[in-house]
A.B. asks: 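Starting off with a structure, shown below.
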Amino acid sequence: MTERKRFQCLNCGHRFETEVLTPEERREAKREDRPVYGIACPKCHRTDIRSGWG
(Lines give C-alpha, C1' and ligand atoms only; values in the text may rest on other atoms or scores of the structure.)
Protein backbone atom coordinates (compact mmCIF):
# COMPACT_ATOMS: atom_id res chain seq x y z
CA MET A 1 0.00 0.00 0.00
CA THR A 2 1.46 3.35 -0.99
CA GLU A 3 1.89 6.19 1.46
CA ARG A 4 1.64 9.97 1.07
CA LYS A 5 4.79 12.00 1.69
CA ARG A 6 5.64 15.68 1.53
CA PHE A 7 8.49 17.02 -0.56
CA GLN A 8 10.02 20.39 -1.39
CA CYS A 9 11.81 21.13 -4.66
CA LEU A 10 15.35 22.44 -4.16
CA ASN A 11 15.22 24.16 -7.56
CA CYS A 12 11.98 26.21 -7.48
CA GLY A 13 10.90 25.77 -3.84
CA HIS A 14 7.52 24.23 -4.75
CA ARG A 15 5.98 22.17 -1.94
CA PHE A 16 3.95 19.12 -2.89
CA GLU A 17 2.61 15.80 -1.63
CA THR A 18 2.75 12.58 -3.60
CA GLU A 19 2.16 8.86 -3.22
CA VAL A 20 5.34 6.81 -2.81
CA LEU A 21 5.94 3.09 -2.63
CA THR A 22 6.69 1.50 0.72
CA PRO A 23 10.09 -0.22 1.02
CA GLU A 24 8.44 -3.64 0.69
CA GLU A 25 6.64 -2.60 -2.51
CA ARG A 26 9.88 -1.19 -3.93
CA ARG A 27 11.73 -4.46 -3.26
CA GLU A 28 8.91 -6.49 -4.81
CA ALA A 29 8.86 -4.29 -7.93
CA LYS A 30 12.63 -4.65 -8.40
CA ARG A 31 12.40 -8.40 -7.92
CA GLU A 32 9.74 -8.56 -10.66
CA ASP A 33 11.81 -6.26 -12.94
CA ARG A 34 9.14 -3.56 -12.89
CA PRO A 35 10.37 0.04 -13.17
CA VAL A 36 10.71 2.11 -10.01
CA TYR A 37 10.80 5.82 -10.78
CA GLY A 38 12.25 8.70 -8.81
CA ILE A 39 10.14 11.60 -7.58
CA ALA A 40 10.09 14.79 -9.64
CA CYS A 41 8.68 18.25 -8.95
CA PRO A 42 5.31 18.65 -10.70
CA LYS A 43 6.07 22.32 -11.42
CA CYS A 44 9.60 22.32 -12.88
CA HIS A 45 10.09 18.53 -13.36
CA ARG A 46 13.47 18.49 -11.62
CA THR A 47 14.41 15.60 -9.37
CA ASP A 48 16.52 17.50 -6.83
CA ILE A 49 14.01 17.42 -3.99
CA ARG A 50 14.06 16.86 -0.24
CA SER A 51 11.63 15.17 2.09
CA GLY A 52 9.43 17.32 4.30
CA TRP A 53 8.55 20.99 4.34
CA GLY A 54 11.31 22.48 6.43
A.B. asks: So, for Gln8 and Gly13, which heavy atoms are closest and what is the spacing to 0.1 Å?
C.D. replies: NE2-O, 3.6 Å

A.B. asks: Let me confirm one number: the CZ-SG distance from Arg15 to Cys9, rounded to the nearest 0.5 Å.
C.D. replies: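 SG of Cys9 is found 12.0 Å from CZ of Arg15.
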
A.B. asks: Find the distance between CD1 (Ile39) and CZ (Phe16) and round it off to the nearest 0.5 Å.
C.D. replies: 6.5 Å

A.B. asks: What heavy-atom pair brings Cys41 and Ile49 nearest, and what distance separates the two atoms?
C.D. replies: N-CG2, 4.4 Å

A.B. asks: Please name the pair of heavy atoms, one in Asn11 and one in Cys44, separated by the smallest distance, quoted to 0.1 Å.
C.D. replies: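 Of all heavy-atom pairs spanning Asn11 and Cys44, the closest is ND2-SG, 3.5 Å.
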
A.B. asks: Using the side chain to side chain donor-acceptor pair (under 3.5 Å) criterion, which residues pair with Arg34? Sequence neighbours excluded.
C.D. replies: Glu32

A.B. asks: Can you tell me how far apart CZ (Phe7) and OG (Ser51) are? Round to the nearest 0.5 Å.
C.D. replies: 4.5 Å

A.B. asks: List in chain and number order the residues that pass salt bridge (Lys or Arg N to Asp or Glu O under 4.0 Å) with Asp48, two or more places apart in sequence or in another chain; answer none if no residue qualifies.
C.D. replies: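 With sequence neighbours excluded, Asp48 shows a salt bridge (Lys or Arg N to Asp or Glu O under 4.0 Å) to Arg46, given in chain and number order.
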
A.B. asks: Extract all donor-acceptor atom pairs below 3.5 Å that involve side chains of residues 17-26 and protein atoms in other chains or at least two apart in sequence.
C.D. replies:
residue	atom	partner	partner atom	Å
Glu17	OE1	Arg4	NE	3.4
Glu17	OE2	Arg6	NE	3.4
Glu19	OE1	Thr2	OG1	2.5
Glu19	OE2	Arg4	NH1	3.4
Thr22	OG1	Glu24	OE1	3.4
Thr22	OG1	Glu25	N	3.4
Thr22	OG1	Glu25	OE1	3.3
Glu25	OE1	Thr22	N	3.0
Glu25	OE2	Met1	N	2.6
Arg26	NH2	Leu21	O	3.0

